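Remember, predicted model here, so these are calculated numbers, not experimental data. In what follows, chains are A, B, ... by sequence order, proteins preceding strands, each numbered from 1.
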Protein chains: 2
Amino acid sequence: MGDKVTIYDIAREAEVSVSTVSRILTGSAPVNPETKQKVDAVLQKYNFRPNRAARNLSYQRSTMIGVILPDITNPFFSTLFAEMQRHAIAKDYSLLLFNAMNSLALESEGLAYLARHQVDGLIFMGGRVNEVEPSPAYQMEIAEISARVPTIIVNGEMPGVDAVIVSTSEQSGIAQVVDYLSGLGHTRIGFLGGSSHITVTRNRQQSFCAAMSRLALPVEEQWLITDGFSIESGEKTLEMLLRLEKLPTAIIAINDLVALGILKAARRHHIDIPRQLSLVGFDDIYLASVSTPELTSVSHNYEYFGRTIVETIISRIKGGDTPSSILLDMQLVIRDSCQPPESR
Amino acid sequence: MGDKVTIYDIAREAEVSVSTVSRILTGSAPVNPETKQKVDAVLQKYNFRPNRAARNLSYQRSTMIGVILPDITNPFFSTLFAEMQRHAIAKDYSLLLFNAMNSLALESEGLAYLARHQVDGLIFMGGRVNEVEPSPAYQMEIAEISARVPTIIVNGEMPGVDAVIVSTSEQSGIAQVVDYLSGLGHTRIGFLGGSSHITVTRNRQQSFCAAMSRLALPVEEQWLITDGFSIESGEKTLEMLLRLEKLPTAIIAINDLVALGILKAARRHHIDIPRQLSLVGFDDIYLASVSTPELTSVSHNYEYFGRTIVETIISRIKGGDTPSSILLDMQLVIRDSCQPPESR
DNA sequence: GCGTGGGTAGAAAGCGGTTTCACATCCTAT
DNA sequence: ATAGGATGTGAAACCGCTTTCTACCCACGC
C-alpha cells in the first residue's frame, strides 16, 4: 500500500490548513517563510510523498508517457528506451513501456493498455502502414487516441493520425553506405531484411534505389528480400539469396540483427565476409563491434535521438509549438565487414 | 487528456444512479439484468473507460508493479522483462520499469521514482550486497519501502529487507558446467566477470569452488577475475588473464555478454576458441547462438522465470501465502565453444 | 481616519470513481 | 398473515490533493 500519512495529518501537526500545505508542496502560491519552515519540518519528519492518484485526479493528468515498441530485446529499442527514460525522468515524466513482441495484435492491446492508464502522451515506435489486415477497429483506436493524446511516431506513419513524426534520415544514411560501397568498387548491391509493410523498410529500400540510380548502378529486384528484423530473418534471407544464379558483392541489411544473422549464415556456407561479400548493417547496436568481422553500420546518436523524442512530446503535452516532423541524421561507422569486391 | 465522459454522464443518460453504474463496472453487487443492459448500451456508446486516477484513489492501490533492473539493454533482462510484462498484463497488472543503467546512485533514484508512483509491488533485480558505499540513506529507503510494499528480489539479497527471494540455482548450473568441462578433460578452469559485491557473482563463484573441490580440482585464485557484466568486461578480464604465466584451459564467464567479450579478445590475440580455450557463458541470451563458435551456455526457462516472479508478487500483493524464497533450475545448453583441452 | 490593496491563510468545492448505509420490493418460511 | 431474508437501487460519504473564493491583517496614501 501507499503511505498512510496524508496532507491532513501534516496540516494538523503543523497547525495550518491543508491549503497551506498544498501550496508549499506545489509552490502554487506564496507562503510566509516562517510558516513554510514549520510545515517543511513536519513534511521532512514524515518523509511525506503526496498521493499520486489523488494528485493526478485533481490535476487531470498522469505525467506518464506511454511507449509502444515492437521488441525490447532488440538493442536498438532498449538503448533508445534507456535514453528516453533518462530524459523523461529528468523532466518529471514517467515512461510506461509496452512491448508488443512484434505482434500487431499485441500492439493494439498495448494501445488499450496505455489508454487505460490515461497517459498524457504516446510514443509509437515502428509504426506500420499497409498492414495486410489493417483491422479497422485498430485504425479507429489509434486515430481516436491520437486525437485525444499528443502522439509521436518514430520511424513510422499512420494514415489519419495526427502525430509528430520523428524519423531517421534514411536518405542520408543509405547514401553514405552506397557511396562507400561504390567507392570500394561495388556495383552489385543487395538489400536484405525488413518487412514491406513497415515504414522504415520502405524508406530504406526507396532511398537505396534512389542512391543506386544516382550513381547509375542497377538495382536487382531479386536482391531485395524482406523477411523481418531478427537474426533468424538475416539467416533466412541470405539462404534465399544464395539460391539465385547471380549474386551481389555487397549486402546492406535492414538492421544489425539481420546483419548478424547474415554473418552467421555466411559462415555456415563458408562465405568469407568481407572477402567474398561485403556487409553493412543499421543501428550500430553495441553488438556490432563484437562480431567477427566487426560490423560496419549506420549509427544513431542515441542520446540526441532519445532526448529529441522526449522533449518533443513534452512540449506537445504542454501545448507548445513543435514541428510536425523531425529528421535525424545517421552516420556511417566503418569497421571491418566491407572490402573491395574480388576481381574475377 | 483522458476521457471527458464520466460515470455521472453515463448514469444520467441511462437514467440510473452512479452507484448502479459503478456496480456494473466493478461487478461488486448484483444488478437487475434489464438495468444492466440499459447501462451497458450507454457504456458501449461512449466506449467508457473509468478514470484510473479516481479509481486508484478510491481503491487505495495502483495495480502497478515496479521493476528496477540494472541494464535493459542486456538481453537477459529485456527477455525476462518481456515475459514478466506478458504475464502481468494478463493478470491486469502493469509493470513500471526503471532502468538503473548499472548505477547504484540511479538505483536509489529509481526506488524513489517507483515509490512516488505508489506501486503495489516491487521487483528488484540484481540486488547488491556489501556495496563499497552502502549509503545508509539508500539502505533505509529500501528497508522502508519493502516494509510497506511487497517486494521480491531476483538473484540478490539485501540485509534487513523483507522480501521474497527468487534465485536461479547457481549450484546446479555451475555443477553442470564443471562436470561437463571436467568430463571433457579440463582440470584448469577459470571464472571471469561479475562484481564481487553482486550476489550472483558471489554465488556463482562459491558454487564454482564447491563444484571444483567436489571433483578434487584445484581452484586458482588468480583465475577468478571480476570486472563487471558487459562485453567490455569480458575483453578486459581476458586481457588480464593472458598476462599470467599459467593459463587455464577452460573459462566460465559470469554471463553471455562477458563470454562474447572474451571471444572477441581471444580472436584479437589469435587464441582459438574452442581449440585452445573452452568457454561457457550464462543466461543463454539469443545472441549466444550467433557468435562463432556458437556459445555453450547455461540457460534459463525465461517463460517460467518471468511467470514465477509475477505470480509470486501478485500473490503477495493479494495477501496470499508465498514461499520466502524460490529456486529456479538452470540447464546447460551445449553448443560449440568447448572441446577437450589440447594435450601438450 | 478610513478606504485600498498586497500578502497570507482557511473553508469548501471539485476531480471521478467506490462503497457503506438506508430503503423499497418482493419472496419465502413459519 | 407476517416476520425476515434476498434483491435492487439511490443518496451520500469518502479517497487525498488542488484551487478558487473569501477573509483577515496590516501598511499605506489621501
I need the full list of salt bridge (charged side-chain N to carboxylate O under 4.0 Å, His left out) pairs touching residues 306-319 of chain A, with sequence neighbours left out, sorted by first then second residue.
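The answer is E303(A)-R307(A).
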[X] [atom1] - [N] [atom2] separation (whole Å):
X       : N       : atom1 : atom2 : answer
R52(B)  : dC15(D) : CZ    : C1'   : 16 Å
N51(B)  : dG14(C) : CG    : P     : 17 Å
E34(A)  : dG7(C)  : CD    : P     : 17 Å
I24(B)  : dT18(C) : CD1   : C1'   : 14 Å
N32(A)  : dG6(C)  : CG    : C1'   : 14 Å
Q118(B) : dC17(D) : CD    : C1'   : 11 Å
R116(A) : dG17(C) : CZ    : C1'   : 17 Å
L57(B)  : dT19(C) : CG    : P     : 12 Å

What are the two closest non-hydrogen atoms of Y93(A) and Y113(B), and how far apart are they?
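Looking at all heavy atoms of both residues, the shortest contact is O-CE1, 4.5 Å.
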Identify the heavy atoms of V39(B) and V21(B) that sit nearest to each other, and give their distance.
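Closest approach of V39(B) to V21(B): CG1-CG2, 4.2 Å.
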Check the phosphate of dA9(C) against T35(A), side-chain N and O only, distance under 4.0 Å to OP1 or OP2. Yes or no?
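The answer is yes; a side-chain N or O of T35(A) sits under 4.0 Å from OP1 or OP2.
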So, does Q60(A) get its side chain near the phosphate of dT18(D), meaning an N or O under 4.0 Å from OP1 or OP2?
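So the side-chain polar atoms of Q60(A) never come under 4.0 Å of the phosphate oxygens OP1 or OP2 of dT18(D).
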Closest-nucleotide ordering on DNA chain D, the 5'-leading residue of K36(B) and R55(A):
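With R55(A) and K36(B) compared, the 5'-side residue is K36(B).
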Assuming nearest nucleotide by heavy-atom distance, tell me which of Y8(B) and L25(A) is located more 5' along DNA chain D.
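It is Y8(B) whose nearest nucleotide is closer to the 5' end.
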Given axes from five pairs at either end, by how many degrees does the helix from dG1(C)-dC30(D) to dC26(C)-dG5(D) bend, rounded to 10°?
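Its terminal axes enclose an angle near 60°.
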What are the atom names and distances for every N/O pair under 3.5 Å that joins the protein to nucleotides 23-27 of chain D?
none

Under 4.0 Å between a Lys/Arg side-chain N and an Asp/Glu carboxylate O for K38(A) and E15(A)?
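A salt bridge is absent here (no side-chain N lies under 4.0 Å from a carboxylate O).
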Where each residue is assigned the nucleotide of DNA chain C containing its nearest heavy atom, which of S28(B) and A54(B) is assigned the position nearer the 5′ end?
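Mapping each residue to its closest nucleotide by heavy atoms, the 5'-most match is A54(B).
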Single hit among V161(B), I153(B), L122(B) for side-chain contact (heavy atoms from CB on, under 4.5 Å) with S146(B):
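Of the listed residues V161(B), I153(B), L122(B), the side-chain contact (heavy atoms from CB on, under 4.5 Å) partner of S146(B) is V161(B).
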Cation-pi check for Y59(B) against R55(B): NZ or CZ below 6.0 Å from the six-membered ring centre and within 45 degrees of the axis, yes or no?
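Judged by the rule (NZ or CZ under 6.0 Å from the ring centre, within 45° of its axis), R55(B) is not positioned above Y59(B).
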Considering every strand and a 4.0 Å limit on heavy-atom distances, what is the contact class for Y59(A): base, sugar-phosphate, or nothing?
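Sugar-phosphate, no base atom in range.
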A side-chain contact here means heavy atoms from C-beta on lying under 4.5 Å apart; do V5(B) and F48(B) qualify?
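V5(B) vs F48(B): side chains touch.
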For S62(A) and D120(A), does a side-chain donor sit closer than 3.5 Å to a side-chain acceptor?
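A pair is found: one side chain offers a donor N or O, the other an acceptor, under 3.5 Å apart.
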Between the side chains of H117(A) and S94(B), does any donor sit under 3.5 Å from an acceptor?
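Looking only at side-chain atoms, S94(B) and H117(A) do form a donor-acceptor pair, the distance falling under 3.5 Å.
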H300(A)/F76(A) aromatic ring centres below 6.0 Å:
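When the ring centroids of H300(A) and F76(A) are compared, they turn out to be within the sub-6.0 Å range.
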Given dG17(C), dT18(D), dG8(D), identify the nucleotide with an atom nearest to the side chain of F48(B).
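Shortest atom-to-atom distance from the side chain points to dG17(C).
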Among all residues two or more places apart in sequence or in another chain, which pass the salt bridge (charged side-chain N to carboxylate O under 4.0 Å, His left out) test with D40(B)?
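Partners of D40(B) under the salt bridge (charged side-chain N to carboxylate O under 4.0 Å, His left out) test: K36(B).
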Report the residues that fulfil side chain to side chain donor-acceptor pair (under 3.5 Å) with T308(A), sequence neighbours left out, ordered by chain and then residue number.
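In terms of side chain to side chain donor-acceptor pair (under 3.5 Å), with neighbours along the sequence ignored, T308(A) is linked to no residue.
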Check each residue of residues 11-23 of chain A for a non-hydrogen atom within less than 4.0 Å of any atom in DNA chain D, then write out the ones that pass by number, or none.
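Those residues are S19(A), S22(A), R23(A).
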